[in-house]
2 protein chains.
Amino acid sequence: MRPLTHPSTDDVSLEAILHALSDPVRMAIYAELEHADGPQSCTRFATALERGIPKSTLSQHFRVLREAGLVHSERQGVEMRNTSRRADIDRRFPGLLDAIMSAYRQQMGERSTPAS
Amino acid sequence: MRPLTHPSTDDVSLEAILHALSDPVRMAIYAELEHADGPQSCTRFATALERGIPKSTLSQHFRVLREAGLVHSERQGVEMRNTSRRADIDRRFPGLLDAIMSAYRQQMGERSTPAS
DNA sequence: TCCCGTAGTGCAGTAAATGCGAACTAATGA
DNA sequence: TCATTAGTTCGCATTTACTGCACTACGGGA
């Protein structure tokens, strides 16, 4: 098994971030990771996100988030500790995640309250 | 030829915007459109972006930008008048394009001045 | 009006990315 | 040592993207 690769903060690219977050599953994962307190395992999301996502697919999604620099993953025993690298990204691109996540929450709000 | 489709401001989705701008060519096109004064034709970018992009490819990129709601296209005689829908997006997702485009300009700046 | 040039679109083949089941690795504990 | 749990990797099927070529649409002569 190849070791986990995390880009250094300076190497994080806007393109990779936008691509990673343009997938609804990855966006949902990242959003949860961000406001979770403490690291979260991968499988937590297989069940948390309504539909049952196969673990091979989940694994790919985490790899994309990791290689974009959005998420830090570390093996802890048998499972993985995933945390948001929010602070790093904020240093790299101030205000970016603020704006994206606020747009995301806004859109989520609209969806849960369909137009009356 | 099918008519050009533009989403209404309310139907613009974050996902589509992030996807559209996660491609370097589309990002470059959108950035130029935004600070151009007045509408720009499609072919303007075939040459403007250093490498010669085939026009069928350009046409597809414009379609993605258009369907994401980022760009308004209108036929004017033989050519196309493309304009940024920045104001619409700002109303839909306040601060989003501000943050993304500022991150983009920052990253561009770094690339043109490689680390000393 | 007919023909030509220019701008962009649609199509079809191919190339690249994604999704997912199945087999695998790695760590833990009985 | 064997079973269990958490993730990864591989390989194949499906989807999506790129691009050359033929096409449409419009405008301007002659």
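Chain identifiers are assigned alphabetically (A, B, ...) following the order of the sequence lines, protein sequences preceding nucleic acid strands; residue numbering begins at 1 within each chain. Worth saying up front: this structure is predicted, and the values here are computed from it rather than measured.
- Distance A:E74 CD to C:dA27 P: 13 Å, rounded to the nearest Å.
- A donor-acceptor distance shorter than 3.5 angstrom exists from the side chain of A:Q107 to the backbone of B:L14, with no hydrogens or angles considered.
- Between the side chain of B:Q40 and the main chain of B:G38, a donor-acceptor pair closer than 3.5 Å is present.
- With salt bridges taken as basic N to acidic carboxylate O contacts below 4.0 Å, none links A:D90 and A:R85.
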Protein-to-nucleotide contact annotation, 5' to 3' order, nucleotides 1-14 of chain D [B base; S sugar-phosphate only; - none; under 4.0 Å, heavy atom]: ----BBBBBS----

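- Going from atom NE2 of B:H61 over to atom P of C:dG8 covers 15 Å, rounded to whole Å.
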Output a table of donor-acceptor pairs, distance under 3.5 Å, between side-chain atoms of residues 71-81 of chain A and any protein atom two or more places apart or on a different chain; print 'none' if there are none.
| residue | atom | partner | partner atom | Å |
| --- | --- | --- | --- | --- |
| A:S73 | OG | A:R66 | NH1 | 3.2 |
| A:S73 | OG | A:N82 | OD1 | 2.7 |
| A:R75 | NE | A:G77 | O | 3.4 |

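- Counting only residues at least two apart or on different chains, no ring pair (Phe, Tyr, Trp, His ring centres under 6.0 Å) pair has a member in residues 13-36 of chain B.
- Of the side-chain N and O atoms in A:H19, one or more sit less than 4.0 angstrom from OP1 or OP2 of C:dT18.
- Atom-to-atom, CD of B:Q76 to P of D:dC26 comes out at 12 Å; the value is rounded to the nearest Å.
- For A:R92 and A:D11, the salt-bridge test fails: no basic side-chain N is under 4.0 Å from an acidic carboxylate O.
- Atom CG in B:D23 sits roughly 16 Å away from atom P in D:dT16 (whole-Å rounding).
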